[in-house]
Protein chains: 2
Amino acid sequence: MTAADWQSELRSRGYRLTPQRQLVLDAVRELGHGTPDEIAGAVRAKAPSVNLSTVYRTLDVLQDVGLITHTHLGHGAPTYHPADESDHVHLVCTACDDIIAVPAEAVDQLVGSLRDLNGFEVDVTHMAMHGRCAGCAGSDESAATDEQERQ
Amino acid sequence: MTAADWQSELRSRGYRLTPQRQLVLDAVRELGHGTPDEIAGAVRAKAPSVNLSTVYRTLDVLQDVGLITHTHLGHGAPTYHPADESDHVHLVCTACDDIIAVPAEAVDQLVGSLRDLNGFEVDVTHMAMHGRCAGCAGSDESAATDEQERQ
DNA sequence: TTTTGTGCAAAGAGTTTGCAGGTTG
DNA sequence: CAACCTGCAAACTCTTTGCACAAAA
């Protein structure tokens, strides 16, 4: 998407073009993915005066316009990323906290069957799926289960 | 599970039996599912002096012992429920906030294919799946997409 | 020049933690 | 009576909001 594109995207929805909005969008694209806090950090590297609350408000605007989206990996802050990024599902290992991205096609069957059975249109990218990765599922079951996990 | 069962479950793990732990477990079973706050409310109906932080600590203990588990429906507080409850996946509609429970068997194929492809053992009950329910997916697409959703 | 956006500070939800005193085994 | 648990208050993370001023159209 070119600069003109996102600018007109904002304008057509009644939003104004501000340097802060450009900076936040740039930061999300630079980082690829990041929490509001990380994004604010990247923005502040260029413009130290930009406030955190502005970052939050701007993320909402950019999301409303459809330029970015967010995913919940767990209990913490969500991660924002450009909306045009290839769709993928996040698998979070509750034992080692590793995050694995798998192409959305891997869960096409699931999406299809939920649509057929319940008419429910799942957005698999919005919430991560939790479980145990290959390494942790194979190794000592009980030890890993004992770990603190508030996710 | 009988009273003796959960008592020995706690004891065998080195935990002590306290009235607070009994009350919290009872509350979770009574409610079927509830947030820490709701559970605290139910507990306080019987014992007003029980502190919220005790409820949090107790939920951790009961979960560690395997008597209860929790599910994340979205951005807010998690919901705790008895561990022996029949497994189901939660579908959360981002348009109308409706929550639909579907049997875990409905996603068996997904679990199987992720295990085969990545060796990843998904716990489908831990995180809800977001999307649009039959009613909302069918009706006015754009209007619903405009809604505020921070989940 | 009207409307929208920003910075700041304060407040809000949800959760954790240090500590002194109380309870369990 | 030793180890553990609880209540309380404070702190912490993440996010939202009211308001006065600044900037965009």
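In the text below, chain A, chain B and the rest are named by the order of the sequence lines, each starting its count at 1. When reading the values below, keep in mind they use all heavy atoms of this one structure, side chains included, and skip hydrogens, waters and symmetry mates.
The number of heavy-atom neighbours closer than 6.0 Å to NE2 of B:H33, taken from other residues, nucleotides and ligands shown, is 12 or below.
When the C1' atoms of four end pairs are superposed on the next four at each end of the helix from C:dT1-D:dA25 to C:dG25-D:dC1, using five pairs per end, the two resulting axes differ in direction by 30°, to 10°.
Without hydrogens or angle criteria, B:R21 side chain to B:L10 main chain gives no donor-acceptor distance under 3.5 Å. Within the 3.5 Å criterion, the main-chain N or O of B:R11 finds no donor-acceptor partner in the side chain of B:R16.
For the pair A:H75 NE2 and C:dT16 P, the computed distance is 9 Å after rounding to whole Å. For the pair A:Y56 OH and C:dA11 P, the computed distance is 19 Å after rounding to whole Å. To the nearest angstrom, C1' of C:dT15 lies 12 Å from NE2 of B:H72. Put simply, CD on A:Q20 is 11 Å from P on C:dC8, counting in whole angstrom units. Taking atom CG of residue A:L23 and atom P of nucleotide C:dG5, one finds them 16 Å apart after rounding to whole Å. In this entry the distance linking CZ of A:R21 with C1' of C:dG7 reads 14 Å, nearest Å. Here D:dC5 presents its P atom at 19 Å from CG of B:L52, a figure rounded to the nearest Å. Put simply, CG on B:N51 is 12 Å from C1' on D:dA10, counting in whole angstrom units.
Taking B:A101 as the reference, B:H88 meet the side chain to side chain contact (heavy atoms under 4.5 Å, CB included) condition, with sequence neighbours excluded. Listed by chain and number, the residues in a side chain to side chain contact (heavy atoms under 4.5 Å, CB included) with A:T79 are A:T35, A:T71, A:L73 (sequence neighbours excluded).
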Under 4.0 Å protein heavy-atom contact, by nucleotide of nucleotides 18-25 of chain C - B base, S sugar-phosphate only: B----BBS
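The minimum heavy-atom distance linking B:H70 with B:P78 is given by the pair CD2-CB, 3.9 Å.
Counting only residues at least two apart or on different chains, the salt bridge (Lys or Arg N to Asp or Glu O under 4.0 Å) pairs with a member in residues 107-123 of chain B are B:R115-B:E121. Pairs engaging residues 32-51 of chain B under the salt bridge (Lys or Arg N to Asp or Glu O under 4.0 Å) rule: B:E30-B:K46 [sequence neighbours left out].
By the 30° and 60° cut-offs, the orientation of the rings of A:H72 relative to A:H126 is perpendicular.
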